[in-house]
Amino acid sequence: MQTNWIGKSSGAEISFGVKAMNYGNESSQLKAQGPQLTVYTTRPDTIFGVDFMVIAPEHELVETITTAEQKQAVEDYIAYVKSRSERERIAEKKISGVFTGAYALNPFDGREIPIWISEYVLAGYGTGAIMAVPCGDERDHKFARHFNIPVTNIIGGYYNGEEANPTKDAILENSGFINGMVMKDAIDVVINKLEEKGIGVRKVNYKMRDAAFSRQRYWGEPFPIVWKDGIAYPMDESQLPLELPHVDSYKPGPEGEGPLANIKEWALIPNSSPPAEKGAAKVPKYSVYAPVQYELAKQMRKEYTAAEGKLWEVVRDSKLGYKFRRQHPVDRYIADFICLQEALIVEVDGGYHSTDEQKLYDEERTKVLNTIGFEVMRVTNEEVINHPLKTGRKIKERIEQKRAESSQFTPLHEVEKGQGVRETNTMPGYAGSSWYFLRYMDPHNDSEFCSRKASDYWNQVDLYIGGTEHAVGHLLYSRMWTKVLYDLGHIGFDEPFKQLVNQGMIQGSSRFVFRIHGTNLFVSASLISDNGTYDGKQLDKLHADVNMVDGFELDTETFKKWRNEEYADAEFILEDGKYICGSEVEKMSKSKFNTVNPDDLVAKYGADTFRMYEMFLGPVELSKPWDTKGIEGVHRFIRKFWRLFADELKGLVVMEEEPTAAELKVLHNAIRRIENDTERFSFNTAVSNFMIATNELTDLKCHKRKVLEPLLVLIVPYAPHIAAELWSLLGHTTSVIDQPYPVFEEKYVKETSKAYPIAINGKTRTEITIALEATQQQVEELVLADDTVKKWLEGKAPKKIIYVKNKMINVVI
RNA sequence: CCGGAUGUGGUGAAAUUGGUAGACACGUCAGACUUAGGAUCUGAUGCCGUAAGGUAUGGGGGUUCGAGUCCCUCCAUCCGGACCA
């Protein structure tokens with residue numbers, strides 16, 4: 001599960017010479033001898049199958065190697081790539097590319113290989129260039145077909161001419177010195193040869209995910225960092241720990257920082273050091289982005305559109321009175337223009353923002369940027385080009401309006417000069433969760449995180465139960481820190497957890513309302529036609545809060561008052577006087593308004609019922625939508641269990657008599673099954689075994705202490721509150737938690753006979769009770785004497801009688 | 001597209017090694033006790049059929065005396081990942 005995240009791949013980096021020729025770029029000094037093009041590949045064994053090379057549009061060699069004839073085509077292509085948003089590039093599978101006019105040389109046979117540019121190669125991964133082997137790689141193959149590049153087959157019959165085959169088992173053909181070798185084995189041979197010739201090196205590549213160790217949120221450990229003059233200083237150890245202060249509001253700070261920025265007393269540190277440049281301390285706060293993005297932004301800064309160029313002239317050098325940057329990475333996006341001090345982003349809409357999909361993307365982008373505190377303003381290409389100065393004034397007006405609105409806050413950058421400013425971002429969830437289990441072993445230690453003595457005693461965590469997201473995020477980092485601490489000798493184990501169980505998610509059951517697009521009219525679900533329209537009109541599908549829906553029926557009055565009366569003017573098209581909602585099972589999430597508050601259920605049924613009901617829903621590792629339908633059953637069980645001990649009127653009814661064989665059998669069956677279920681995390685069947693035992697004891701009218709006390713100990717992990725309560729009701733003064741676990745004894749559940757199912761040709765027809773120690777012959781006699789069996793035999797003799805002791809009997813006719 | 005998981009009644013589900021499919025609950029129906037019942041208790045309840053019986057674990061095929069379980073294949077849903085060279 002974690003391999004995708006660590007993204008380790010091993011292969012080789014290979015340098016290809018580029019054929020010397022007359023390049024379009026006259027200033028190139030590489031006319032005599034071509035430059036080197038370095039690629040990364042996991043499959044060096046396919047080197048003789050390289051039919052073309054592809055470099056990323058942002059690749060540094062693009063300008064250098066493009067020939068004069070291809071110059072225009074390449075420029076057009078790069079302009080096209082630039083015009084596409086990051087997301088389009090990732091989402092669309094469109095094949096596009098352009099030939100540079102240059103050729104690389106195969107280091108082994110000198111074959112000339114055309115070099116292409118295509119957006120399917122990413123600047124940020126590997127070297128930003130690949131060697132394309134169409135017969136072995138599907139993307140390369142599609143590219144080759146699209147541009148009619150001849151395909152060299154190096155894998156013989158494994159390649160059918162239609163589809164690439166990424167096999168490693170083929171025997172190589174058309175492959176020079178590795179002809180006849182199996183591909184797997186050739187990988188090493190080629191790498192060795194490359195290294196020998198000095199044109200390549202063995203290399204392991206990693207991709208990093210979630211590398212940014214910072215969040216603009218409240219909940220997280222604060223960084224012990226103080227910014228001064230734009231430089232981060234770690235706090236002195238004597239001032240640690242830095243504690244998360246109380247906040248009244250979790251809203252973003254005045255400039256879109258984390259909520260901590262709202263607490264001036266905490267964030268600002270009086271200081272007499274030299275005055276910081278205005279705003280300097282804030283700049284790095286927005287620098288939470290991947291290096292790839294930084295590179296991309298740099299590139300984009302060089303290749304701006306006409307409108308962007310004009311607007312830059314208007315806003316650059318604080319001409320508007322505010323400092324603007326252009327093509328600046330923010331979160332996962334790159335903003336066209338940004339004024340960090342005022343948290344305003346100005347986007348220039350090119351002509352390509354016209355389709356619905358692009359609009360959706362823009363909306364989402366705006367939403368994300370808003371969430372982290374930026375206001376997004378859009379201007380069109382036309383207005384910038386026709387009225388650049390007017391656009392500038394418009395931007396300035398917007399800023400001033402924004403300042404007026406937020407004047408109740410003192411923006412951090414306006415504080416007295418010379419003050420330090422705390423980092424207001426906090427650490428991500430996995431920061432603390434990566435090692436807290438170690439701290440738990442020694443929580444009061446104030447000289448180190450955990451003494452070696454304590455960690456040696458407690459050792460690894462026996463069992464880790466978590467969801468699948470945790471398995472990648474949290475587990476990955478706890479494993480890393482554990483390994484680091486082990487290498488440093490602070491702990492004696494290098495894996496944090498002995499066993500992992502992935503529990504499923506409790507999903508939400510969302511409810512939807514359907515609004516006719518552009519109106520306040522809401523249509524009840526079953527009136528909507530199959531193609532998702534009503535009366536031919538488009539509908540907006542909106543989440544409605546599940547708490548104002550009874551089953552599927554919407555409480556329309558509550559709905560009108562919902563979200564500060566956002567839908568106060570709503571009108572409804574009902575069916576049978578009701579508004580029926582649509583429903584879907586989704587992840588439970590506040591944004592989907594499908595969360596339910598367990599407090600209400602706990603108040604109604606108690607925590608034990610709630611706990612057991614969650615267990616009873618099904619296997620832990622499965623996800624299922626939250627549904628309270630069955631909770632009554634569990635609650636009834638708990639009351640029934642209670643009645644074994646006490647009567648509403650008579651109080652305690654426990655008797656001291658010796659239990660009967662039947663009662664002991666119930667108890668010991670329960671011990672065996674529940675112990676077994678608990679050990680294999682089959683909590684749902686354990687709960688049902690408690691129910692079975694309780695039902696059986698109720699039927700036996702058993703209220704005997706010697707049966708009930710062990711049962712109480714069994715139930716402690718499942719219903720701890722009532723277990724403790726009943727334990728004390730039984731007159732004990734010690735805790736039930738300290739009781740030894742009941743021991744199963746075979747002798748109480750031993751049977752002497754069994755009611756065997758009798759099957760004729762595999763189909764069960766009747767049942768005969770036979771002693772367990774019966775022999776094959778005795779069984780056959782008994783079975784053949786049975787009326788039902790005789791009826792099915794119709795006087796014939798059976799071919800065979802299969803007798804499996806303690807299981808079943810099958811008569812084959 | 002890749003990887004992982006899951007498909008069983010009206011519903012949540014059970015079925016240690018291939019051996020009585022649907023335990024335990026919810027729901028529904030009938031009944032008891034009740035002024036009442038959203039309390040408690042009893043019984044019934046996969047589907048078709050009066051019954052005998054037939055049929056049934058996503059679809060199709062196979063192995064076996066016997067398959068929810070093992071094998072092949074197709075389909076659906078969910079989760080995770082994804083231009084990763």
Side-chain angles (χ1 to χ4, degrees), chain A residues 1-5 7-9 11 39-43 46 53-54 56 89-95 118-122 124-133 136-140 142-143 166 205-207 209 467-469 471-472 502 504-505 507 585-587 612-613 616-619 621-625 627-637 639-640 643 648 673 676-677 679-680 682 684-695 698 754-767 791 798-813:
Chain A
M1 203 180 289
Q2 295 179 352
T3 46
N4 277 336
W5 274 59
K8 179 177 176 177
S9 63
V39 301
Y40 176 74
T41 178
T42 55
R43 296 296 302 276
T46 61
M53 312 284 282
V54 187
R89 286 187 61 181
I90 290 163
E92 270 179 48
K93 293 276 182 247
K94 224 165 104 189
I95 299 165
S118 173
E119 56 178 339
Y120 85 87
V121 171
L122 298 178
Y125 187 81
T127 59
I130 62 159
M131 54 179 232
V133 184
D137 182 285
E138 195 47 47
R139 276 190 329 253
D140 296 347
K142 284 194 177 133
F143 193 88
N205 233 12
Y206 296 93
K207 70 177 167 185
R209 274 193 50 101
T468 46
E469 315 94 289
V472 272
N502 278 138
M505 260 187 300
Q507 294 157 316
V585 171
E586 297 180 297
K587 209 176 212 173
M612 273 189 120
Y613 177 57
F616 189 59
L617 278 175
E621 61 274 10
L622 288 187
S623 291
K624 48 190 76 74
D627 182 1
T628 51
K629 261 195 316 216
I631 200 165
E632 284 288 343
V634 176
H635 192 58
R636 277 204 273 269
F637 153 74
R639 284 190 305 221
K640 198 166 180 180
R643 285 199 298 270
E648 269 176 63
R673 291 182 186 144
N676 189 11
D677 287 342
E679 262 167 21
R680 53 193 187 100
S682 179
N684 54 328
T685 53
V687 172
S688 91
N689 276 317
F690 276 116
M691 291 173 170
I692 292 169
T694 304
N695 290 346
T698 305
K754 173 169 174 70
Y756 282 94
I758 312 298
I760 315 284
N761 284 340
K763 277 213 182 306
T764 309
R765 298 296 176 183
T766 185
E767 212 174 73
K791 194 186 100 191
K799 277 196 198 132
K800 207 195 268 178
I801 295 179
I802 290 156
Y803 164 51
V804 185
K805 196 177 165 185
N806 211 9
K807 293 279 185 198
M808 50 79 67
I809 293 158
N810 190 14
V811 182
V812 186
I813 301 173

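Below, chains carry the letters A, B, ... as their sequence lines are ordered, and counting in each starts from 1.
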Quick one: which protein N/O atoms are closer than 3.5 Å to N/O atoms of nucleotides 47-53 of chain B? Pair and distance per line, please.
from   : atom 1 : to     : atom 2 : distance (Å)
B:rG53 : OP1    : A:K791 : NZ     : 2.9

Tabulated below should be each protein N or O lying under 3.5 Å from an N or O of nucleotides 69-71 of chain B; please produce it.
none

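Comparing the C1' positions of B:rU11 and B:rG46 gives a spacing of 13 Å, expressed to the nearest Å. B:rA21 and B:rG81 are spaced 37 Å apart, taking the C1' atom of each and rounding to whole Å. On the C1' atoms, B:rA25 is 35 Å away from B:rC74, given to the nearest whole Å. Annotation: B:rU8 and B:rC78 have their P atoms spaced 14 Å apart (nearest Å). Going from the P atom of B:rA32 to that of B:rG53 covers 33 Å, rounded to whole Å. Only the C1' atoms considered, B:rA23 is 15 Å distant from B:rU16, to the nearest whole Å. Using C1' as the reference atom, B:rA56 and B:rG49 are 15 Å apart when rounded to the nearest Å. With both ends at atom P, the span from B:rG43 to B:rA36 equals 24 Å, rounded to whole Å.
Closest of all the heavy-atom pairs between A:V133 and A:D140 is N-OD2, 3.0 Å. The two residues A:P619 and A:N684 come nearest to each other via the heavy atoms N-ND2, 3.7 Å. Annotation for A:F690 and A:M612: closest pair CD1-CE, 4.1 Å, computed over non-hydrogen atoms.
Here B:rG31 is in the anti range [glycosidic angle more than 90° from 0].
With a 6.0 Å radius and a threshold of 12 heavy atoms from other residues, nucleotides or ligands, A:K754 has its NZ atom above the threshold.
A:I758 has its side chain out of reach of A:T764: every pair of non-hydrogen atoms, C-beta onward, lies at least 4.5 Å apart. Inter-residue side-chain proximity for A:Y756 and A:K805 is flagged as met; some heavy-atom pair is nearer than 4.5 Å.
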Legend entry - Working for side chain to side chain contact (heavy atoms under 4.5 Å, CB included), residues A:T685 and A:R673: CA-CA 9 Å; A:T685 53; A:R673 291 182 186 144; over 6 Å; no
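For the side chain to side chain donor-acceptor pair (under 3.5 Å) test, residues two or more places apart in sequence or in another chain that qualify with A:R43 are A:D45. Every ring-ring contact (aromatic ring centres under 6.0 Å, His included) that A:F143 has, sequence neighbours left out, goes to A:F52, A:W116, A:Y120, A:F147.
Remark: A:R643 is in phosphate contact with B:rC41, judged by side-chain N or O atoms under 4.0 Å from OP1 or OP2.
The nearest heavy atom of RNA chain B to A:N761 and to A:D140 marks one nucleotide each, and the one closer to the 5' end goes with A:N761.
Between the CD atom of A:E621 and the C1' atom of B:rC78 there is a distance of 14 Å, given to the nearest Å. What separates CE of A:M131 from P of B:rA85 is a distance of 12 Å, to the nearest Å.
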Inset, instruction - Convert the base pairs of RNA chain B into dot-bracket notation, remembering that pairs crossing earlier ones are written with [ ] and that bases paired across to another strand are shown as |; include only Watson-Crick or G-U pairs under 3.5 Å. - result: (((((((..(((......[....)))((((((.......))))))(((....)))..(((((..]....))))))))))))....
Inset, instruction - Mark up nucleotides 12-26 of chain B, 5' to 3', with B wherever a protein heavy atom is under 4.0 angstrom from a base atom, S wherever such an atom reaches only the sugar-phosphate, and - elsewhere. - result: BSSSBB-BBS-BBSS
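If you check the side chains of A:K800 and A:N810, you find no donor sitting under 3.5 Å from an acceptor.
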